[in-house]
Amino acid sequence: MREKELRRSMSVFPIGTVMKLTDLSARQIRYYEEQDLIHPERNEGNRRMYSLNDIDILLEIKDYLNDGLNMAGIKRIYEMKEYEKQNPPYAQKNLTDHDVRRILYDEIVSASGMSGKPNPFQSNGPKM
DNA sequence: GTTCTAACA
DNA sequence: TGTTAGCA
């Protein structure tokens, strides 16, 4: 079932399509790339070409943003995801990749909501 | 018309 | 983040 992943990794969408699919601005999409959250390829004309995987990540980022996470918190989650890939310990300790991510996620979200002081995971209270 | 980089509000 | 400028 690797054929499927291969296709999901093919960069075939221009930023305009990604904008419509994710409802994110071009500015945001390019910014998340700068933060190493996504890695679109470039075509002959230096245009960014995104894959279905990139789009999935973008949609995930949008969810995290809605939960009040800032870039620091989101990057944490993806950095952790990378760390896990290089260090199999978790996979063998009966926790799936998804479970570990869920745990870290809850940790960051609760840290954002329980402290009265500003913390690195919180994007300063509501702006109203 | 669409996307890109860079920079300023 | 939005937006704008000047290119390709």
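Per chain, numbering begins at 1; letters A, B, ... match sequence-line order. Keep in mind that what you see is a predicted model, and the values were worked out from it rather than measured.
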Task: Touch class at under 4.0 angstrom, heavy-atom based, for L24(A) against every strand present - done: nothing
Open item on the list: Can you measure M19(A) atom CE to dG1(B) atom P for me and round it to whole angstrom units?
Closed with: 16 Å
Open item on the list: Looking only at the side chains, is there a donor atom on one of R47(A) and N43(A) sitting less than 3.5 Å from an acceptor on the other?
Closed with: no
- [ ] Report the distance from atom CZ of R30(A) to atom P of dA7(B), rounded to the nearest whole Å.
- [x] 15 Å
Open item on the list: Between Y50(A) and S11(A), is there a side-chain heavy-atom distance shorter than 4.5 Å?
Closed with: no
Task: Euclidean distance, atom CD of residue E33(A) to atom C1' of dT1(C) [Å, nearest integer] - done: 17 Å
- [ ] Would you kindly give the CD-to-C1' distance between E34(A) and dA7(B), to the nearest whole Å?
- [x] 13 Å
Open item on the list: Strictly below 4.0 Å: does S25(A) bring a side-chain N or O up to OP1 or OP2 of dG2(C)?
Closed with: yes
Task: Distance (rounded to the nearest 0.5 Å) between Y31(A) OH and M71(A) CE - done: 6.0 Å
- [ ] With the side chain of I15(A) defined as its heavy atoms from C-beta on, choose the nearest nucleotide among dG2(C), dT3(B), dT5(B).
- [x] dT3(B)
Open item on the list: Counting distance alone, no hydrogens or angles: does the base of dT3(B) have a donor or acceptor under 3.5 Å from a partner atom on the side chain of R48(A)?
Closed with: no
Task: Protein-nucleotide distance (R27(A), atom CZ; dG2(C), atom P), rounded to Å - done: 8 Å
Open item on the list: Expressed as a whole number of angstroms, how long is the span from I74(A):CD1 to dT1(C):C1'?
Closed with: 14 Å
Open item on the list: Can you measure R42(A) atom CZ to dC4(B) atom P for me and round it to whole angstrom units?
Closed with: 6 Å
- [ ] Starting at atom CD1 of I61(A), determine the distance to atom C1' of dT1(C), rounded to an integer number of angstrom.
- [x] 15 Å
Task: Opposite nucleotide pairing with dA8(C), Watson-Crick or G-U, both atom distances under 3.5 Å - done: dT2(B)
Open item on the list: Is there a side-chain contact between Y31(A) and the phosphate of dA6(B), meaning an N or O under 4.0 Å from OP1 or OP2?
Closed with: no
TODO: Examine the base of dT2(B) for any acceptor or donor lying under 3.5 Å from a partner atom in the side chain of R47(A), and report the outcome as yes or no.
DONE: yes
Open item on the list: Between the side chains of E3(A) and R7(A), is the shortest nitrogen-to-carboxylate-oxygen separation below 4.0 Å, so that they form an ion pair?
Closed with: yes
Task: Of the listed nucleotides dC4(B), dT3(B), dA7(B), the one nearest the side chain of P14(A) - done: dT3(B)
- [ ] Please determine, by modelled atom types, if E60(A) and Y78(A) share a side-chain donor-acceptor pair under 3.5 angstrom.
- [x] yes
